[in-house]
Student: 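Got a structure here, written out as structure tokens. Questions coming.
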Amino acid sequence: MGTSQGRTVYATSRNPLTNLAGIPSEQRLQFDLEQPSTWGNIPASADLTWCFPATPLEQVQAFARTLDAPAQRLVVLGSTSAYDAPSQSTEYPPPWTDESSPIDLTKSRVQGEEFLRTNCGAIILRVAGIYGPGRNPLDWIRSGRVGPSRKYVNLIHAEDLASICLLALGKGKPGEAYNVSDGTPRTWKEIYATAQQRWGVATAVVKEDGSTGKRISTAKLRAELGYILKYPDLYEALAMIESTDRV
Ligand SMILES: NC(=O)c1ccc[n+]([C@@H]2O[C@H](COP(=O)([O-])OP(=O)(O)OC[C@H]3O[C@@H](n4cnc5c(N)ncnc54)[C@H](OP(=O)(O)O)[C@@H]3O)[C@@H](O)[C@H]2O)c1
């Protein structure tokens, strides 16, 4: 049985045969939030890392009733888009966003996360853009998905996020939210210029984006979970991804 830091780890999928083919069969579980018949596949008292949007609310609430919270620890991956409220300031550079900044409760996934946080002691990770092998920001530039705008972006390497999930399961405070990013907001303009200089990235035609973006503060994550990033430097990480993704 697979272990990580002394834990037995299972992975779930709606279609484990296809999507979890790469891991040992005894570690695969079928689970679909939309299919209550699959909920019992999760071992009783297992701690959970919830890796997809916690929506729709009624299903989230029904599933939550099957949990033994707070004995079962629950980490939920949210998104920093929770802070994208219509009333967001147009100040530039944008002010730092910490966990006390307003969140948009009209968003269905934010409602699900807040339900789990306040009723089940879930630890909510408000996650920045995830990058890593197969999720290469330089490809987003190549394809024209992003351009050299003044918009701030916050990123976190997938491996750091995985480690932070485990750390939050172990020592996160139930009912708390933590912002998760590498702590260095950058403008797309800066990333774009470096991509051109260092990797000769050619770009497709891009749409103008005048939005300010956000600058996500990770002070709480650092102070309370004390995680040391494996990939603190975006450009060093991109160099590694370029060398592996392009072989
Ligand atoms: N990607 C980003 O840049 C980013 C940024 C901020 C936050 N986040 C959040 O971080 C989490 C992980 O992101 P990701 O990009 O890795 O997501 P992802 O690639 O979409 O993976 C989520 C997986 O969850 C499973 N899933 C989806 N709906 C489900 C349901 N109803 N019941 C059970 N399983 C379900 C799916 O696996 P199967 O198809 O195998 O069932 C899906 O592949 C998500 O909550 C996402 O919103 C992502």
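Whatever order the structure lists them in is the order used to number ligands and atoms, beginning at 1.
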Student: Quick check on contacts: which atoms of ligand 1 are under 4.0 angstrom from a heavy atom of Asn19?
Tutor: 38 (P), 39 (O), 40 (O)

Student: If we count only non-hydrogen protein atoms and require a distance under 4.0 Å, does atom 38 (P) of ligand 1 qualify as touching the protein?
Tutor: yes

Student: Note the single closest protein heavy atom to atom 47 (O) of ligand 1, along with its residue, its atom name and the distance in Å.
Tutor: Arg109 NH1, 2.7 Å

Student: On a heavy-atom basis, I'd like to know which of Gln35, Arg135, Gln30 is closest to atom 15 (O) of ligand 1.
Tutor: Arg135

Student: I'd like to check atom 26 (N) of ligand 1 in this structure: does the protein have a heavy atom lying under 4.0 Å from it?
Tutor: yes

Student: Quick check on Ala128 - does any of its heavy atoms sit under 4.0 Å from an atom of ligand 1?
Tutor: yes

Student: Do Glu159 and Tyr231 have a side chain donor and acceptor closer than 3.5 Å?
Tutor: yes

Student: Only one of Thr12, Asn19, Asn41, Leu17 passes side-chain contact (heavy atoms from CB on, under 4.5 Å) with Arg28; say which it is.
Tutor: Leu17

Student: Is it the case that Arg198 and Thr194 place a side-chain donor and acceptor less than 3.5 Å from each other?
Tutor: no

Student: Using only heavy-atom distances, determine whether the side chains of Tyr152 and Thr212 contain a donor-acceptor pair under 3.5 Å.
Tutor: no

Student: Could you work out, for atom 6 (C) of ligand 1, the closest of Leu77, Thr49, Val127 by heavy-atom distance?
Tutor: Val127

Student: For Ile130, take its heavy atoms, then give the atoms of ligand 1 lying under 4.0 Å from any of them.
Tutor: 1 (N), 2 (C), 3 (O), 4 (C), 10 (O), 13 (O), 48 (C)

Student: So is Ser13 polar-close to ligand 1, meaning N/O to N/O under 3.5 Å?
Tutor: yes

Student: Can a salt bridge be assigned to the pair Asp47 and Arg7 using a cut-off of 4.0 Å between side-chain N and carboxylate O?
Tutor: yes

Student: So do the side chains of Lys220 and Glu99 get within less than 4.5 Å of each other, counting heavy atoms only?
Tutor: yes

Student: So which heavy atom in the protein is nearest atom 36 (C) of ligand 1, and how far is it from that ligand atom?
Tutor: Arg14 NH2, 3.5 Å

Student: Any idea which part of Ser81 is under 4.0 Å from ligand 1, heavy-atom wise: side chain, backbone, both or neither?
Tutor: neither

Student: Can you tell me which residue and heavy atom of the protein come closest to atom 32 (N) of ligand 1, and the distance to 0.1 Å?
Tutor: Leu33 N, 3.0 Å

Student: Taking the six-membered ring of Tyr178, is NZ or CZ of Arg126 closer than 6.0 Å to its centre and within 45° of its axis?
Tutor: no

Student: Looking only at protein heavy atoms, identify the closest one to atom 30 (C) of ligand 1 and say how far it is in Å.
Tutor: Phe52 CE1, 3.5 Å

Student: Can you sort out which atoms of ligand 1 are near Gly78, meaning under 4.0 Å from one of its heavy atoms?
Tutor: 7 (C), 9 (C)

Student: Using distance alone, with no hydrogens and no angle criterion, decide if Asp209 and Ser211 have a side-chain donor and acceptor under 3.5 Å apart.
Tutor: yes

Student: Carefully, step by step, assess Phe31 and Phe63 under the rule ring pair (Phe, Tyr, Trp, His ring centres under 6.0 Å).
Tutor: CA-CA 11 Å; Phe31 175 82; Phe63 174 65; 5.2 Å; yes

Student: Which of parallel (below 30°), tilted (30 to 60°) and perpendicular (above 60°) describes Tyr235 and Trp199?
Tutor: tilted

Student: May I ask you to identify the nearest protein heavy atom to atom 31 (N) of ligand 1, giving residue, atom name and distance to one decimal place in Å?
Tutor: Asp32 OD1, 3.5 Å

Student: Heavy-atom distance to atom 21 (O) of ligand 1: which of Pro16, Cys51, Pro53, Gly129 wins?
Tutor: Cys51

Student: For Asp160 and Ser163, which I'm curious about, is there any donor-acceptor pair between the side chains at under 3.5 Å?
Tutor: no

Student: Do protein heavy atoms approach atom 45 (O) of ligand 1 to less than 4.0 Å?
Tutor: yes

Student: Answer with yes or no whether Gln59 contacts ligand 1, where contact means a heavy atom under 4.0 Å from a ligand atom.
Tutor: no

